[in-house]
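All figures in this text were calculated on a predicted structure; none of them were measured in a lab. The first residue of the sequence shown is numbered 1, and numbering continues consecutively from there.
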Amino acid sequence: RRAFALQKAYQTRRDFWETSGDRIIAGMSIIGQWEQRVTLLVEELAERQDVLVIQDMLGLIRAGHTRQGGSNVARFMEPALEQDRFSIIAEATSETYAMARTMAPGFVNKFRRLNVPELGWKDTLFVITQLARKIEGVHDGMRFAPDGIESVLTFTRRFFKNEAFPGKAVRLTRQCE
């Protein structure tokens, strides 16, 4: 019974796969290789009913593009999205979304847009403090100084202007693990 219950849970569970256009085409030098990789990716996502997460929508649109052809990874995935075979969550700023829509309107129009406002300084400080405490609990002897946590926010605000809080601060903090 336990094995059956575990198999049932596995079958109903939805996992999130995070990748990028660059990762998908990495190491592909022969014509048709990345297309085969995308086909296998889409088939597995569809079979498992998992969700693909892309943080760089433009990267997915640019990946696989050549001067000779109009194909790219996003356009190659478009028919499967049209048939609702799998789901994608993509992160994009308003500017990036507009540019992506110009470059690959058929692909981008398959998405439902949700505007998520950036967290403010105080809320992001709370999120990063909680993350730091979690990291400290996992790694003995590791401690974040209060001014170090604020420095993460200051640094990411200054140098990662094209990203939003809390994501950019979370990514930098996780690099400390």
Side-chain angles (χ1 to χ4, degrees), residues 10-119 124 127-128 131 135 138 152 155-177:
Y10 173 76
Q11 291 171 344
T12 58
R13 179 180 93 189
R14 280 189 112 173
D15 289 330
F16 292 83
W17 300 22
E18 183 179 351
T19 192
S20 67
D22 290 339
R23 280 173 141 173
I24 290 172
I25 65 168
M28 306 287 107
S29 58
I30 299 172
I31 294 174
Q33 279 186 316
W34 68 257
E35 291 91 342
Q36 184 178 11
R37 183 177 281 173
V38 171
T39 299
L40 293 172
L41 175 68
V42 168
E43 286 174 3
E44 182 136 2
L45 286 164
E47 181 182 318
R48 295 172 49 127
Q49 295 186 333
D50 289 345
V51 178
L52 183 63
V53 178
I54 302 293
Q55 288 186 359
D56 179 13
M57 185 183 275
L58 286 177
L60 195 67
I61 292 168
R62 290 179 178 139
H65 180 75
T66 62
R67 290 182 192 164
Q68 296 82 14
S71 186
N72 60 47
V73 172
R75 286 199 180 121
F76 197 78
M77 290 179 168
E78 205 172 308
L81 283 173
E82 181 76 35
Q83 299 165 2
D84 286 330
R85 293 189 54 215
F86 75 107
S87 299
I88 295 181
I89 296 174
E91 183 178 319
T93 63
S94 295
E95 295 83 13
T96 301
Y97 182 82
M99 189 181 300
R101 199 166 189 185
T102 301
M103 295 169 70
F107 176 73
V108 175
N109 288 337
K110 306 284 183 283
F111 288 84
R112 182 178 63 190
R113 184 176 176 180
L114 299 172
N115 290 320
V116 179
E118 180 177 25
L119 282 185
T124 301
V127 168
I128 299 305
L131 177 60
I135 292 171
V138 173
V152 166
F155 181 81
T156 54
R157 176 181 276 167
R158 183 179 306 145
F159 294 106
F160 297 97
K161 294 178 189 252
N162 293 331
E163 296 180 47
F165 282 132
K168 59 186 175 183
V170 166
R171 277 190 281 288
L172 183 62
T173 304
R174 284 192 174 143
Q175 289 181 4
C176 297
E177 286 189 274

(Q) Tell me if the CE atom of M28 is crowded by more than 12 foreign heavy atoms within 6.0 Å. (A) yes
Q: Starting at CH2 of W17, measure out to CD1 of I89 and round the result to the nearest 0.5 Å.
A: 14.5 Å
Side-chain donor-acceptor contacts of residues 102-114 below 3.5 Å, not counting sequence neighbours, with atom names and distances?
unit_1	atom_1	unit_2	atom_2	d
T102	OG1	A98	O	3.1
N109	OD1	R101	NE	3.2
N109	OD1	R101	NH2	3.1
N109	ND2	P105	O	3.0
K110	NZ	E82	OE1	2.9
K110	NZ	G106	O	2.9
R113	NE	N115	OD1	3.2
R113	NH2	S94	OG	3.3

Q. Excluding sequence neighbours, so at least two apart, what forms ring pair (Phe, Tyr, Trp, His ring centres under 6.0 Å) with F159?
A. F155
(Q) Please determine whether side chain to side chain contact (heavy atoms under 4.5 Å, CB included) holds for the pair F76 and V42, giving the CA-CA distance in whole Å, both sets of side-chain angles, and the decisive distance to 0.1 Å. (A) CA-CA 10 Å; F76 197 78; V42 168; over 6 Å; no
(Q) For the CD atom of Q36 and the CG atom of L41, what is their distance to the nearest 0.5 Å? (A) 12.5 Å
Q. How many angstroms lie between CZ in F16 and OG in S87, if you round to the nearest 0.5 Å?
A. 9.0 Å
Q.
Can you confirm whether W34 sits close enough to S29 that some side-chain heavy atom of one is under 4.5 Å from a side-chain heavy atom of the other?
A. no
Q.
Assess whether a salt bridge exists between R85 and E43, defined as any Lys/Arg side-chain N lying under 4.0 Å from an Asp/Glu carboxylate O.
A. no
(Q) Quick check for you: to the nearest 0.5 Å, what is the distance between R157 atom CZ and E163 atom CD? (A) 14.5 Å
Q: May I ask you to test the L52-I54 pair for a side-chain heavy-atom distance under 4.5 Å?
A: yes
Q) Does D15 reach the side chain of V51, with side-chain heavy atoms less than 4.5 Å apart? A) no
Q.
I'd like to know if the side chain of R37 and the backbone of A26 have a donor-acceptor N/O pair within less than 3.5 Å.
A. yes
Q: May I have the step-by-step check of side chain to side chain contact (heavy atoms under 4.5 Å, CB included) for M77 and I88, ending in yes or no?
A: CA-CA 10 Å; M77 290 179 168; I88 295 181; 4.0 Å; yes
Q | Exceeds 12 heavy-atom contacts within 6.0 angstrom, atom CD of E177 | A | yes
**Q.** Exercise: identify the closest heavy-atom pair between A169 and V152
**A.** O-CG1, 3.8 Å
Q) For D50, what residues pass the salt bridge (charged side-chain N to carboxylate O under 4.0 Å, His left out) criterion, not counting sequence neighbours? A) R48
**Q.** Side chain proximity check, R75 to N72, heavy atoms < 4.5 angstrom
**A.** yes
Q) Closest approach of F86 and A46, non-hydrogen atoms and distance? A) CB-N, 4.2 Å
Q: Would you mind reporting whether M99 and L58 have side-chain heavy atoms less than 4.5 Å apart?
A: yes
Q: List the atom of V127, the atom of P166, and the distance in Å for their closest heavy-atom pair.
A: CG1-CB, 4.2 Å
Q: Working to the nearest 0.5 Å, report the span between CD of E35 and CD1 of I24.
A: 11.5 Å
Q) Between the side chain of E118 and the main-chain N/O of F165, is any donor-acceptor distance below 3.5 Å? A) yes
Q) At their closest point, which heavy atom of G64 faces which heavy atom of I25, and how far apart are they? A) N-CD1, 3.7 Å
Q: Kindly compute the distance separating CG (L60) from CD (Q55), expressed to the nearest 0.5 Å.
A: 12.5 Å
